[in-house]
Amino acid sequence: MSVPKPFPSPANPESVILAHAGIHGPLDGTFSLDPRVREDDGAAGDSVDEALVISWLAEIPDPEIPAISIIDLGIVRAVRVADDGACHITITPTYSGCPAMQVIGAAITDALHAHSVMDVVLHTQLTPAWTTDWMTDTGKEKLRNYGIAPPAEQAQVIDISRLRGGAAAVGTAVTAAAAVSRRGMHAVPKPAIACPHCGSTHTEVTSQFGSTPCKALYKCLDCREPFDYFKCH
Amino acid sequence: MDPKVNYLLRLGDNALVLSQQLCRLCGKGPALEEDMALSNVALDLLGQTRLWYEYAAELEGAGRDEDRLAYHRDAHDFKNCLLLEQPNGNYADTMMRQFYFDTWHYFLIAGLTHSSDARIAAIAEKSLKEVTYHLRRSGDLVVRMGDGTAISHAKTQAAADALWMYSGEVFTYDAVDHAMVDAGIAPPADELRTQWLAHVAEIFADATLAMPPKDAWMQSGGKQGRHTEHLGYILAEMQFLQRAYPNAQW
């Protein structure tokens with residue numbers, strides 16, 4: 001029942017961090033290797049490096065939204081080729097109960113086996129939790145072309161600092177109580193969700209829960225088409 | 001049993017029992033959107049269950065895995081609060097049970113993101129956005145049903161009153177809970193109860209529902225394994241396969 005290895009030790013310093021808050025560059029195809037890792041690989045004379053592995057991973061479609069790859073989705077957190085040739089890949093779930101994670105894990109292993117990398121170690125990392133902000137711009141464009149409205153706003157940060165005396169949250173933070181207050185919710189202007197079919201922002205939500213945990217159901221009031229919206233998360 | 005393992009099992013059992021109850025409604029929701037929402041919430045809770053069980057099993061080190069914890073324990077070993085095992089009833093009953101739980105769960109998970117235990121804090125961080133969605137939805141539905149027709153109002157008020165005595169168990173801390181608070185792992189009861197009461201009062205005001213008395217007598221015992229008769233039936237269905245074919249694998 002547990003394909004990904006549980007909770008690895010903190011990220012290895014040699015890991016190539018792909019999708020950390022604020023570091024979006026590597027995901028857009030302009031990936032550059034950590035020089036230290038490159039030197040190590042050169043010394044070992046190994047032809048498989050992280051950039052190559054990532055290019056293979058970029059071919060793996062998300063099982064539930066095959067229009068985008070797992071790299072587009074931003075769930076591949078780190079890739080590291082160890083000195084012994086073992087390939088360590090860290091992935092993060094979009095939702096706790098996401099049933100696609102096991103399929104994704106198996107797809108990664110299969111893809112690497114197909115490229116003769118037989119020693120594949122999968123790690124699952126929960127924190128920092130995945131957010132839709134990590135989805136690449138290419139991924140968002142692919143989603144729109146596929147008929148799914150991409151996340152339209154920055155993911156909301158719930159400020160829990162007032163509860164437990166921790167560090168204050170940054171970004172579009174709201175207090176824990178305000179995040180679930182109906183009055184508070186109504187006070188916050190909602191971003192316009194554009195219909196992926198006709199582009200109109202004259203749309204309304206049908207259901208906050210859609211065909212998969214990551215989507216909400218919307219309808220366009222102009223072209224009258226229903227559509228999925230990838231929830232900001 | 002180690003207090004932390006016990007506490008993790010309580011978190012997992014709450015989520016699992018409610019998930020199983022919601023799964024029974026799959027295909028029976030009052031509207032398609034509600035049907036999908038029920039299954040979505042059930043799936044989130046099942047995912048959270050696995051994260052809590054996985055950690056509990058590792059700490060326990062007794063060779064039990066998440067499946068063993070879910071399928072090979074009897075009712076008296078389950079530590080979920082009594083609220084979660086109350087029957088689905090009508091939709092007001094289902095949603096009021098959800099709303100009472102979601103409100104507590106949300107503020108608990110928000111508090112656990114600052115847990116001194118890094119693994120618990122990580123699981124809480126992963127779960128926080130999910131439980132935020134859950135609470136927004138159940139609060140919204142309570143308002144729509146409470147402030148709806150005369151019949152929906154009456155049924156929602158009846159559900160609020162009937163389930164009220166099960167709403168306080170989560171704030172009734174025993175030695176296990178106090179050990180978690182002392183270690184900085186879990187937030188204290190009074191903090192959570194203040195937040196819970198404030199949010200329930202706001203939603204009930206919008207829903208035109210009368211809030212039952214705050215000092216009402218509250219049921220307890222689920223955390224210690226003393227359950228209502230309902231849990232046995234839930235487990236009989238959930239555990240059937242492993243009871244009939246022990247250790248069967250997919």
Side-chain angles (χ1 to χ4, degrees), chain A residues 1-2 4-7 10 92-99 101-102 124-132 155-167 169 174-186 205-217 226 231-233, chain B residues 19 31-51 54-55 58 65-67 102-103 106-107 109-115 118-119 121-133 135-137 139-140 143 187 191 195 198-199 202-203 206 249-250:
Chain A
M1 200 161 162
S2 49
K5 284 188 69 175
F7 226 77
T92 184
T94 51
Y95 285 75
S96 304
C98 182
M101 288 308 286
Q102 292 190 31
T124 304
Q125 194 175 321
L126 295 179
T127 183
W130 176 86
T131 97
T132 41
Q156 191 177 55
V157 178
I158 297 168
D159 183 0
I160 39 190
S161 59
R162 292 195 201 168
L163 294 179
R164 306 278 298 158
V174 293
T175 65
V180 288
S181 162
R182 294 180 79 250
R183 292 162 200 173
M185 288 289 292
H186 293 156
V205 65
T206 308
S207 170
Q208 284 294 345
F209 293 86
S211 53
T212 67
C214 55
K215 286 179 283 186
L217 199 56
K231 290 190 261 200
C232 277
H233 193 74
Chain B
S19 176
L32 182 60
E33 293 78 12
E34 278 306 302
D35 203 283
M36 291 196 300
L38 291 165
S39 300
N40 269 264
V41 174
L43 183 63
D44 285 344
L45 291 172
L46 190 63
Q48 292 166 17
T49 303
R50 294 181 60 183
L51 296 173
E54 199 174 46
Y55 188 24
E58 275 176 47
D65 63 6
E66 53 193 275
D67 281 346
D102 284 346
T103 307
Y106 170 73
F107 287 110
I109 294 289
L112 287 179
T113 59
H114 286 302
S115 176
R119 174 91 165 253
I123 296 173
E125 187 188 332
K126 182 71 243 172
S127 309
L128 182 60
K129 292 171 195 169
E130 294 159 9
V131 301
T132 308
Y133 258 108
L135 179 54
R136 283 175 182 166
R137 165 176 172 269
D140 212 42
V143 172
E191 182 180 298
Q195 294 162 337
H199 188 69
E202 183 197 317
I203 294 292
D206 285 358
Q249 302 247 326
W250 295 117

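Numbered from 1 within each chain, the chains take letters A, B, ... in sequence-line order.
- Every residue two or more places apart in sequence or in another chain was checked for a side chain to side chain donor-acceptor pair (under 3.5 Å) with B/Thr49, and none qualifies.
- Taking each heavy atom of A/Leu217 and B/Met36 in turn, the nearest pair found is CD2-CE, 4.1 Å.
- Comparing B/Val41, B/Leu46, B/Thr103, B/Val143 by how many heavy-atom pairs each has under 4.5 Å with chain A, the most go to B/Val143.
- Taking each heavy atom of A/Ser207 and B/Glu33 in turn, the nearest pair found is CB-CG, 3.3 Å.
- In this structure B/Asp102 satisfies the side-chain contact (heavy atoms from CB on, under 4.5 Å) test together with B/Gln98, B/His134, B/Leu135, B/Ser138, sequence neighbours excluded.
- At distances below 3.5 Å, at least one donor-acceptor pair connects side-chain atoms of B/Lys126 with backbone N or O atoms of A/Thr94.
- The part of B/Leu51 that comes within reach of chain A is its side chain, from C-beta onward, which places non-hydrogen atoms under 4.5 angstrom from that chain.
- Of the two parts of B/Leu38, neither the backbone nor the side chain holds a non-hydrogen atom closer than 4.5 Å to a non-hydrogen atom of chain A.
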Item to complete: Applying side-chain contact (heavy atoms from CB on, under 4.5 Å), run through A/Gln208 and B/Asn40 and close with a yes or a no.
Response: CA-CA 10 Å; A/Gln208 284 294 345; B/Asn40 269 264; over 6 Å; no
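- Screening B/Gln48, B/Glu130, B/Lys129 for a side-chain hydrogen bond (donor to acceptor under 3.5 Å, both in side chains) with A/Ser96, the sole residue that qualifies is B/Glu130.
- Here the CZ atom belonging to A/Phe209 is positioned 11.0 Å from the CG atom belonging to B/Leu43, to the nearest 0.5 angstrom.
- Taking CZ from B/Arg119 and OG1 from A/Thr127, the interatomic distance works out to 12.5 Å, rounded to the nearest 0.5 Å.
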